[in-house]
Novice: 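Okay, handing you the structure first.
Naming: A, B, ... by sequence-line order, numbering from 1 per chain.
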Number of protein chains: 2
Amino acid sequence: MTDGGDARPAGPGREHEGFEFGFAFLLVQLGTLVAGQFREQLEPLGIEPRHFGMLTRLAQNEGRAQQAIGELIGLNPTQMVFLVDELEDRGLVERRRNPADRRSYGLYLTDAGRDMLARVRAVAQTHQGALGSSLTGPEREQLTALLRRLAAEQGLSGQSLPGASPRRR
Amino acid sequence: MTDGGDARPAGPGREHEGFEFGFAFLLVQLGTLVAGQFREQLEPLGIEPRHFGMLTRLAQNEGRAQQAIGELIGLNPTQMVFLVDELEDRGLVERRRNPADRRSYGLYLTDAGRDMLARVRAVAQTHQGALGSSLTGPEREQLTALLRRLAAEQGLSGQSLPGASPRRR
DNA sequence: TATTGTTATACTCTATAACTATA
DNA sequence: TATAGTTATAGAGTATAACAATA
């Protein structure tokens, strides 16, 4: 099931008529696969990737208003309501009224939230380890470095989250 | 807007509290971004990535039945109906009744379909070129080779298409 | 009765707009 | 009146189930 095992009638050649699938296609293929795997790994913990993104960003910006954090991760006010609701239901995040401006909430991680974040990070590390187990240490480093350069070139910082692009059309 | 320009109050340190975003996260980030870019590049041509996937697979399997091709790319019969409808409306694909079994259709690329496929491949090449413009030739090759190994390790062949996984749960 | 392709239906996701309470 | 957050509504996309024609 690794590559060309299917007995296909009469393929033109070994490769697909001379068309090379390059790193761009591979990035999409692998990105989709890895995202799906990560989602599955998170399932036992009762959260989804977007929750992880939110917890991560929140850990760096505790106390800021709901919509302010929404802007950071590229979610509109409506989406934030649902996401924060879900995290609050799980006891991972807390809304605290801002006494100075009673319209807004400050968002805070609970202890359970901090705990969850640590566990998810561990899951992510393990997942990545399994993913790169066939690579040598230097190869992993080189891969990471190359991907970092591509990401930086494309204006992606560690801040941005996969699913939600800051500005969309 | 490239990296750390936002004047944030008081980040704990330069990096995110010691948590390293590794290549797994980068793959998801980049895969999502590149897929979106590709979608935008295809817009002027009037098609979407899934159409490209279909055309590509069809070029290697002309004449086979609709559902057989659907299985190849991981789409169920219902999805195939809509996808083939869209491609037929655009004049890129043709359904031909199978005289031997009048229940099934054989799918074929039209000349316009072949033409479109060539143009989309050109777009993909250009896109990839722009994406990797900051890398040297050897770096690009190394990146591609490493990604290929990861993909192979994960059971991804050139056959599989990003969005649709062959077996899902 | 089983299979190919199609149509219908329900469910989820996302995006937009309308609403409330504070300012 | 403007803003933070919330709720309501509509559209797109996806998945499942029922259906018609042919074998």
Novice: Do B:Leu27 and B:Leu150 make a side-chain contact, defined as non-hydrogen atoms from C-beta onward lying under 4.5 Å apart?
Specialist: yes
Novice: Under 4.0 Å, heavy atoms only, any strand: does A:Asp101 hit a base, just the sugar-phosphate, or nothing?
Specialist: sugar-phosphate
Novice: Taking the minimum atom-to-atom distance to the side chain of B:Gln79, which one of D:dA23, C:dT22, D:dA15 wins?
Specialist: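 Closest of the options to the side chain of B:Gln79: D:dA15.
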Novice: May I have the distance from B:Glu71 (atom CD) to C:dT4 (atom C1'), rounded to whole angstrom?
Specialist: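 It is 12 Å, rounded to the nearest whole Å.
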Novice: Do other residues, nucleotides or ligands put more than 12 heavy atoms under 6.0 Å from the CG atom of B:Asp89?
Specialist: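 Enclosed: over 12 neighbouring heavy atoms sit under 6.0 Å from CG of B:Asp89.
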Novice: Please report the distance, rounded to the nearest Å, between CG in A:Asn98 and P in D:dT3.
Specialist: 17 Å
Novice: For residues A:Gln37 and A:His127, report the shortest heavy-atom separation together with the two atoms involved.
Specialist: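 Scanning both residues completely, I find the closest heavy atoms to be OE1-NE2, 3.0 Å.
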Novice: Quick one, B:Ile73 and B:Met80 - any side-chain contact, counting heavy atoms below 4.5 Å?
Specialist: yes
Novice: Roughly how bent is the helix from C:dT1-D:dA23 to C:dA23-D:dT1 end to end, in steps of 10 degrees, with each end axis from five pairs?
Specialist: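 Computed angle between terminal axes is 30°.
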Novice: Polar-atom pairs under 3.5 Å, protein N or O versus N or O of nucleotides 5-8 of chain D: list them with distances, or write none.
Specialist:
residue	atom	partner	partner atom	Å
D:dG5	OP1	A:Gln66	N	3.1
D:dG5	OP1	A:Tyr105	N	3.1
D:dG5	OP1	A:Tyr105	O	3.4
D:dG5	OP2	A:Gln67	N	2.8
D:dG5	N7	A:Gln67	NE2	3.1
D:dT6	OP1	A:Arg95	NE	3.4
D:dT6	OP2	A:Gln66	OE1	3.4
D:dT6	OP2	A:Gln66	NE2	2.7
D:dT6	OP2	A:Arg95	NH2	3.1
D:dT7	O4	A:Thr78	OG1	3.0

Novice: How long is the line joining CZ of A:Arg64 and C1' of D:dA4, in whole Å?
Specialist: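 For the pair A:Arg64 CZ and D:dA4 C1', the rounded distance is 15 Å.
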Novice: Is the shortest distance from a Lys or Arg side-chain nitrogen in A:Arg95 or A:Asp85 to a carboxylate oxygen in the other one below 4.0 Å?
Specialist: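 Yes, this pair counts.
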Novice: Is the shortest side-chain heavy-atom distance between A:Val84 and A:Met54 below 4.5 Å?
Specialist: yes
Novice: Is any side-chain heavy atom of B:Met116 less than 4.5 Å from a side-chain heavy atom of B:His51?
Specialist: no
Novice: What is the distance, to the nearest angstrom, from the CG atom on A:Leu75 to the P atom on C:dC13?
Specialist: 15 Å
Novice: Could you state the atom-to-atom distance from CD1 of A:Ile69 to C1' of D:dA4 in whole Å?
Specialist: 13 Å
Novice: Please report, rounded to the nearest Å, how far the P atom of C:dG5 is from the CG atom of B:Leu83.
Specialist: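 Distance, rounded to whole Å: 14 Å.
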Novice: Calculate the interatomic distance between A:Glu86 atom CD and C:dT14 atom C1'; express it in whole Å.
Specialist: 14 Å
Novice: Are the side chain of A:Arg96 and the backbone of A:Leu107 linked by a donor-acceptor contact shorter than 3.5 Å?
Specialist: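 No, the answer is negative, given that no donor and acceptor are paired below the 3.5 Å cut-off.
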Novice: Answer yes or no: is there a side-chain heavy-atom contact under 4.5 Å between B:Phe38 and A:Phe25?
Specialist: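 Counting from C-beta outward, B:Phe38 and A:Phe25 never come under 4.5 Å.
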Novice: Roughly how many Å is it from CD in B:Glu88 to C1' in C:dG5, rounded to a whole number?
Specialist: 13 Å
